Number of protein chains: 2
Amino acid sequence: MTKVQASEDKDYVQSLVRGLEVIRTFSRYKPRMTLTEVAQQTGMTRAAARRFLLTLVREEYAETDGKYFALRPKVLDLGFAYLSSLPMWEVAQPIMRDVVNVLQESCSLAVLDGLDIVYVARVPTERVMTIGLSIGSRLPAYCSSMGRTLLAGLPPAELAAYYDRVKIERRTERTVTNMVALKDAIETSRRQGWTLVDQELEMGLRSIAAPVKNRRSEVLAALNVSTHEGRTSIETMKTRFLPVLLDAAQRISAAVPQ
Amino acid sequence: MTKVQASEDKDYVQSLVRGLEVIRTFSRYKPRMTLTEVAQQTGMTRAAARRFLLTLVREEYAETDGKYFALRPKVLDLGFAYLSSLPMWEVAQPIMRDVVNVLQESCSLAVLDGLDIVYVARVPTERVMTIGLSIGSRLPAYCSSMGRTLLAGLPPAELAAYYDRVKIERRTERTVTNMVALKDAIETSRRQGWTLVDQELEMGLRSIAAPVKNRRSEVLAALNVSTHEGRTSIETMKTRFLPVLLDAAQRISAAVPQ
DNA sequence: AGCATTTGTTCGTATAACGCACAAGATATC
DNA sequence: GATATCTTGTGCGTTATACGAACAAATGCT
């Protein structure tokens with residue numbers, strides 16, 4: 001059954017979608033834009049972009065100095081609505097801090113969204129990756145420990161759909177790009193209940209992840225610890241990190257309300 | 001000059017605003033809702049709420065199991081658009097981790113939004129407050145160290161407007177609730193360039209904050225370190241924490257692009 | 001000063017979005 | 001299993017929301 005075009009769907013509110021597109025058009029590289037720039041970036045007419053921007057200003061999601069527009073912190077409330085609705089979110093954070101106290105390495109929690117993982121909680125220690133990571137950051141699922149953990153927890157049909165859509169790109173010379181090998185890796189994750197990824201996302205980055213599940217054993221999120229290859233051997237990750245990680249994941253899982 | 005009612009403003013896109021209201025209606029206490037519940041919570045007709053929910057589902061900001069609706073991680077992209085547009089955001093995080101490494105206490109960065117501070121970055125250590133704090137969390141400005149720092153950095157007219165609007169509520173028996181005393185405290189913050197708040201927001205919580213400024217000396221954000229009163233004396237905060245905090249705030253300020 | 005670019009505004013128009021009413025489906029109760 | 005109640009899906013007539021073009025005004029550049 002073909003998907004009806006959004007514009008033909010009588011239950012579709014395109015003004016909402018267009019307004020959200022305006023919000024999303026701001027970024028690190030475009031922290032502030034003029035009206036004309038927003039219209040250009042979003043493909044809207046100047047008049048339409050202007051109405052959305054003025055509406056966002058009026059509702060305090062954005063501000064303007066009369067020429068340039070920028071987002072305001074109220075936009076974070078939208079994301080926070082999502083974070084605070086995650087069942088494990090509140091209980092995960094102290095447990096993650098315990099992990100960091102014991103292992104002295106960064107600990108993160110992520111969920112799967114499309115082809116990516118999205119960070120929903122993070123206790124960072126020393127920087128391991130070249131880019132800063134934070135709540136809201138996205139990374140590809142196929143070459144990250146949390147991503148493979150989450151993929152391993154998908155029902156078979158959804159995992160098959162993922163394989164159909166994903167475009168594997170080599171991120172380092174160690175990235176698994178062969179689909180058969182990737183499927184094997186994910187199947188291994190599923191069987192052993194944890195995942196170790198060594199410098200496939202970025203050289204130097206090693207991380208190990210375990211699933212957070214609900215009472216029906218559905219994988220809700222993945223918890224990881226990440227380190228630098230110069231600091232921690234694979235063997236140490238398995239012998240020292242893994243028990244702490246599995247215990248933490250289990251404690252978070254146990255605390256998820258029904 | 002009176003403010004025109006939104007509904008009379010021809011440049012106002014109320015479908016966008018209503019859609020954002022639907023997103024905001026989800027929370028820790030209502031992580032998933034039926035159509036009827038969303039309509040009741042937002043005051044919309046069932047048909048209108050239904051169109052917004054189906055639009056959010058179609059655009060992958062929300063999901064449904066056929067009866068209950070819940071937000072999806074894509075909503076975090078909206079907040080992330082704001083975070084990534086903050087000039088000091090990228091550089092602040094490694095500096096904050098340095099602070100935590102040295103002091104072994106939580107470090108946070110916040111901005112002022114209305115009467116609240118909003119957390120935009122955080123490196124947590126041991127939990128100090130009873131509620132978990134994260135990016136997107138809000139706290140009142142008048143009784144927090146970062147809040148007073150940010151208030152101290154406001155232009156006089158804006159600070160006066162803040163005093164007119166704020167409703168002071170005693171949070172602990174130590175909360176400064178006298179407006180004269182509060183103004184003195186904020187003036188002291190302004191003069192000395194840092195702020196220490198001791199158990200006014202919550203018993204046991206001590207925190208010290210310093211401003212992050214741009215090249216024009218405008219206060220953009222506040223950086224803090226927080227601890228528990230049982231763990232750290234006021235004297236130690238001044239002699240050990242403050243130099244590290246001021247240095248970190250200075251480094252972040254220096255790294256803010258023009 | 002002149003020209004180019006951007007922004008503000010008006011206004012006629014189209015249709016997006018509305019809400020009501022009823023049908024259909026789901027759930028609870030007996 | 002039947003009935004009552006509640007919730008959701010849908011159609012449709014209507015309205016007013018949102019649209020974009022065109023032109024004026026403001027700003028910026030040379």
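Since this is a predicted model, take the numbers as computed values, not measurements. Chain naming here is simple, since letters A, B, ... match the order of the sequence lines and numbering starts at 1 in each.
Between Thr34(A) and dT7(C), a side-chain N or O to OP1/OP2 separation shorter than 4.0 Å is present.
Not one N or O on the side chain of Glu158(A) forms a donor-acceptor pair closer than 3.5 Å with the backbone of Pro155(A).
Mapping Gly66(B) and Met44(A) onto DNA chain D via the closest heavy atom, the residue that lands nearer the 5' end is Gly66(B). Ranked by how close their nearest DNA chain C nucleotide is to the 5' end, Thr36(A) and Val13(A) are led by Thr36(A). In this structure, Ser15(B) and Arg50(A) both approach DNA chain C, and ranking their closest nucleotides by distance from the 5' end singles out Arg50(A).
One interatomic measurement links the two molecules: NZ of Lys10(A) to P of dA16(C), which rounds to 14 Å at whole-angstrom precision. Atom pair Arg46(A):CZ and dG20(D):P shows a separation of 12 Å (rounding to whole Å applied). Whole-Å rounding puts the Arg51(B) CZ to dT8(D) C1' distance at 14 Å. Counting to the nearest Å, the C1' atom of dT7(D) and the CG atom of Leu35(B) are 8 Å from each other. Put simply, CZ on Phe52(A) is 18 Å from P on dT7(C), counting in whole angstrom units. dA16(C) atom P lies 17 Å from atom CG of Leu54(B), rounded to whole Å. Spacing between atom CD of Gln40(A) and atom C1' of dT5(C) amounts to 11 Å, rounded to whole angstrom units. In this structure, OH of Tyr12(A) is placed 21 Å from P of dT17(D), rounded to the nearest angstrom.
Ranking dT8(D), dG19(C), dT7(C) by closeness to the Arg18(B) side chain, first place goes to dG19(C). Relative to the side chain of Lys67(A), the nucleotides dC20(C), dC18(C), dG28(D) differ in distance, and dG28(D) lies closest.
Using a 4.0 Å cut-off between charged side-chain N and carboxylate O, Lys74(A) and Asp113(B) make no salt bridge. Of the charged side-chain nitrogens involved, none lies within less than 4.0 Å of a carboxylate oxygen, so that Glu21(B) and Arg18(B) do not count as a salt-bridged pair. Using a 4.0 Å cut-off between a side-chain N of Lys or Arg and a carboxylate O of Asp or Glu, Asp77(A) and Arg138(B) qualify as a salt bridge.
Take Phe80(B) and apply the ring-ring contact (aromatic ring centres under 6.0 Å, His included) test, not counting sequence neighbours, and it matches Trp89(B).
At a threshold of 4.0 angstrom between heavy atoms, the contacts of Ala48(A) are confined to the sugar-phosphate backbone, with no base atom among them.
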